[in-house]
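Below, chains carry the letters A, B, ... as their sequence lines are ordered, and counting in each starts from 1.
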Amino acid sequence: MKIAKGTKLLAALSCVAALGLGATVHAAPDEPRNIGFLMPLTGGAGKLGEMMMQGSVLAVDEINSKHNGAGGRPIKLLPEDSQATARVSIAGFKRLVDLEKSEVVITGWTSVVSAVAPLAQSAEVMLISASTASPAVRGISPYFQSTWMFDDETVRLILPYAKDHLGVKRLALMTVVSDLGTALAQSVKTEWSKLGGEFAGEEVHQQDESNFRPILLRLLATKPDAIYITGSVGRQSAQIVRQSRELGYKGKFLSYGAFEDPEVKALGDLGENAFYASPSFEVDSQQPKTKAFVEAFKERFGRTPNVHQANHYDLIYIYKQVADALAEQGTEVTGKSFRKYLVEHVPQYTGAAGTYRFDYSDGSVVRPTSLKALKGGEFVKITDLVE
Amino acid sequence: MDQSTLLINLLTDGITTGALYALVAIGFSLLWWLGGIIHLAHGGVIIAAGYAGFVAVGLWGLPVWLSLVWAMGVAVILGLLIQHFAYHKMLERGAGEMGMLTISLGILICLEYIVTLIFGPEGVMLDSFSLRTPIFPTSGYILDSFSLIVVGAVLLIFLALFLFIKYAQTGKQMRAVAENTDLSLALGISTGRIAMIVAALAAALAAPASFVYLYSRGLEPYEVIHIVLMAAIVAIIGGRGSLPGALLAGMIVGVAESIMVWFFAAGWREFMTFTLLYAVLLFRPWGLFGKPR
Amino acid sequence: MDYVLYLVTTAAIFGMLALSLDILVGLAGLMSLASAVFFGIGAYSTALLMGHGFSPFFCQIVGMIVAAVASMLIAFPAVRIKGIYFLIITIAVQMVFTVLVQNWREVTGGDAGIAGIAPYTLLGHAFSKAGFAIFTMAVALLILIFLLRLAATPFGSLLQAIRDDELGAASLGKHVARAKLAAVALSSAIAAAAGSFFAHYSGYIDPLSFDVGVSIFTLLIVMFGGAGTLYGPLVAAVILCFLPELLKFLPLSATTAAPARQLVYGVLLVSVVYFRPQGLFGRTPTKKK
């Protein structure tokens, strides 16, 4: 039996080695350009990732059918499930880069970016992201660029407005246990005390919590005027709102871009008086790119898009812009050349989701931000919050 | 809300949660009691029943009572299939404890991912808002109809089960099989039939439990392991074969979880539940009302 | 080619983890769903100590010791009670570990994890990708040989006697609880060693790399390969680590691929234990009763 086991093992390994070698034979010139899409497609954040992908998919199809591809070749989006965890995303990243030869990867979620950025750097693969909110990844690698404003900055925009215009005196915090949650909570506390506001209390909860009633009972006992929600999972934020209302809470909610989520939208009337800071994206904007995008999206998917889908649409078009330019120069599109071109020639970009002003020194971006709220079951803009 | 009111509210919340835990535990506990089967797949039955209920209420627009009956039907069929094709057949093949545990775990995983494949990973829930308005709005005490219904229903179910097992013919046969399978066989009791009845009963109980989840915190596929783990812990703390034990243990765990908030950040809640389990297993492994063997 | 090496190394590491679990499941008859806990203890020990400039080997040994001691402390009350409770305790330990690691953020970094773990070096010698793949496979094989020898010693026989008939073994005056504890400690130490390799290889670890899903996967490997055979789980580790790649050829959409894979694991688990409970390489069992 022992001899047989050794042979079996060897046989199994040889088979797979052969498979692997086959896969690394180099691609022919008319092959599509592979853009990796390393995002959560299953698990708790799966719905978000899938939703964001719709924006990118729309862009890919448009570019291939109407615009002759990017840099003269069609583009192919390669979805790879990250499950928003390090372990799975590392495997996915290796698959995208080693096997599928992606030079540019769209990714998101702090835990994923933290894990994959060092790998991207050594492989010289460019990471672009519209779904990483935590300041923890600021400056993590020159090969990471965010198109989503880090949300410690949006805190500094929404809190003054809440104090001055929404009549919020006592602020409470629902802090999620994560890097993002801690960073946001810190930002909120610092900013609020700078403004001279009263701090009612803070409750900490797990990432996958679904029953908030005990801690809400305690938080509501401190009589806050507004509760800042740090969680990034729409479903959870919706639960917090719902359960607070069930417990008789009549005050306001404050949050950031992740709040714009279908699960929150489904709250309907329960979600009244919930405000969040978001990159400006108006579904009925008359800006040509926005308008074209909204119409194309409605036609393809049968419903109006949200800011996340617009962001991920723009990511693909940014890729196209760079790939087109590089092809014209006669330069091959690699992670390195992509980055070089971005840094040297693309200080800002205007797309369906507005204008992006990039800061390549730390991978951050500045975008026009608005205050939005859920009214009548729709996310509507209340006002601009500067920039 | 002052501190004593907060405490009472936490207690109320804990008792409601505790009733849910007791209900989930009893379905698990029945198969453990009867034949020593660790029915991890019970979590899968709960989620199947929950999604069936969601489809009935949310998609087909059926009234709640009818949806509950439908969900119970789905659960019972599933439970019987598992009992017959998995547990019964495995025992016939001479499977040991490990084999039984593994197949139950495997079925749990299969059910979790079948549900995920069909419905997606994000979970489902139903709105109970109308039942959630406090009965005494001005007092600061948060007691709503939902809690009353849940606790009342669970108490009724337990009472019915208790009387059934104590006085009904089938109930007595169940007790006989649980005590001594070989002797029951010798006495002419069809142990196979009893096993099916118990499996059906346990599965039927999964449906109301799943509905409580649906209407309070929602049901997500990846929670199945956690749900069945709570069931197992409550069943162990309560003691094998004890209905009052499961009820009391459920309450204790539910209240402890809520009151924990008083002292610790919510994240350590799990820690506390497992410490409780640990303490019980160290000092009184047969649980509150079980029999030391 | 790089990707194949990645799969081979991963298979070797999970093979070690599976071997560690087989000591409990296959030899001692103790079902455990906490293998990821000790895997994690090894990984986190390495990650934390490497930051203080210790050598990889030293960090690994420390991790193994911590895991062994922790496992004995946890199992100490549990070994005196019946097997069913043992499993529930391991599930509970697994869940608590995940919560602990997620919340003890000053030490473990919480959900953000720990990044920048340097690659493994042995006596100052760094490994190439191929080199590390061969090295980890060699270590896995060494562990296998060690355990096969162990199974043949009186201690090994005692464990198997406990698995087959605990009361009988106890009545013969054998120190059942002590043997179980030793098995637990050994199992945890090996799992921790694998965890160290994992930390060095990934360069980054986080709580979700060591959650109940990993424990379940490890159990699947053991049952699939044949609990108790020792070499079965090692081969099964290779097969099951390469399996997801084969699934990639199926026309599944991205959103269904991951749950489909998990479903395949579940189906495999049920099928193996139903149709071939001895696993791929186990001996056909003699029918009981």
Side-chain angles (χ1 to χ4, degrees), chain A residues 40-51 81 83-84 174-178 181 201-224 233-236 238-250 261-263 266-270, chain B residues 1-14 16-17 20 113 116-117 120-125 127-134 137-138 140-142 144 146-147 213 215-223 226 254-270:
Chain A
L41 300 172
T42 66
K47 197 165 195 198
L48 260 175
E50 266 194 66
M51 168 192 60
D81 187 14
Q83 290 185 28
M174 280 289 276
T175 307
V176 63
V177 172
S178 74
E202 179 183 10
E203 287 296 331
V204 172
H205 66 90
Q206 298 297 304
Q207 287 235 354
D208 52 6
E209 189 57 76
S210 58
N211 180 24
F212 300 95
R213 296 174 68 95
I215 60 178
L216 281 173
L217 278 170
R218 197 157 77 155
L219 192 65
L220 295 178
T222 64
K223 298 211 194 311
V233 181
R235 185 195 165 79
Q236 255 202 350
Q239 278 286 58
I240 293 175
V241 171
R242 174 183 279 111
Q243 289 176 2
S244 307
R245 294 283 185 237
E246 283 174 359
L247 291 173
Y249 175 64
K250 303 264 188 292
D261 182 281
E263 299 260 8
L267 283 172
D269 287 337
L270 276 181
Chain B
M1 205 192 297
D2 60 41
Q3 294 299 301
S4 61
T5 317
L6 177 59
L7 188 59
I8 293 180
N9 284 334
L10 286 172
L11 223 96
T12 315
D13 188 63
T16 316
T17 310
L20 172 62
Y113 286 101
T116 310
L117 279 171
E122 63 273 6
V124 289
M125 71 177 295
D127 190 16
S128 62
F129 199 64
S130 53
L131 292 173
R132 290 281 188 173
T133 37
T138 45
Y141 291 113
I142 298 176
D144 54 37
F146 186 77
S147 302
Y213 271 106
Y215 280 100
S216 61
R217 54 179 97 172
L219 259 181
E220 281 172 77
Y222 68 82
E223 278 181 344
H226 196 257
V255 169
E257 271 193 11
S258 267
I259 302 288
M260 266 296 282
V261 168
W262 190 264
F263 300 110
F264 298 103
W268 300 99
R269 207 182 54 193
E270 311 246 338

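The heavy-atom pair separating L219(B) from R235(A) by the smallest distance is N-NH2, 4.2 Å. Closest non-hydrogen pair, N211(A) versus T17(B), comes out as ND2-OG1, 4.3 Å. Taking every heavy atom of both residues into account, D13(B) and P214(A) meet most closely at OD2-CG, 3.4 Å.
Expressed to the nearest 0.5 Å, how far OG of S258(B) lies from CZ of R213(A) amounts to 9.5 Å. How far CG of L10(B) is from CZ of R218(A): 8.5 Å, rounded to the nearest 0.5 Å. If you take CG on L217(A) and OG1 on T5(B), they are separated by 11.0 Å, rounding to the nearest 0.5 Å. Here CZ of R217(B) is found 7.5 Å from CD of E209(A). Values are rounded to the nearest 0.5 Å. Atom CG of N9(B) is separated from atom CG of L216(A) by 12.0 Å, given to the nearest 0.5 angstrom. Note that CD of E246(A) is 9.5 Å distant from CG of L131(B), once rounded to the nearest 0.5 Å.
Among the candidates E257(B), H226(B), M125(B), the residue making the largest number of heavy-atom pairs closer than 4.5 Å to chain A is M125(B).
In this structure, no portion of L11(B) lies under 4.5 Å from any heavy atom of chain A. Residue Q239(A) touches chain B through its side chain alone, counting heavy-atom pairs closer than 4.5 Å.
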Q) Could you walk me through whether S210(A) and E223(B) pass the side chain to side chain contact (heavy atoms under 4.5 Å, CB included) check? A) CA-CA 10 Å; S210(A) 58; E223(B) 278 181 344; 3.5 Å; yes

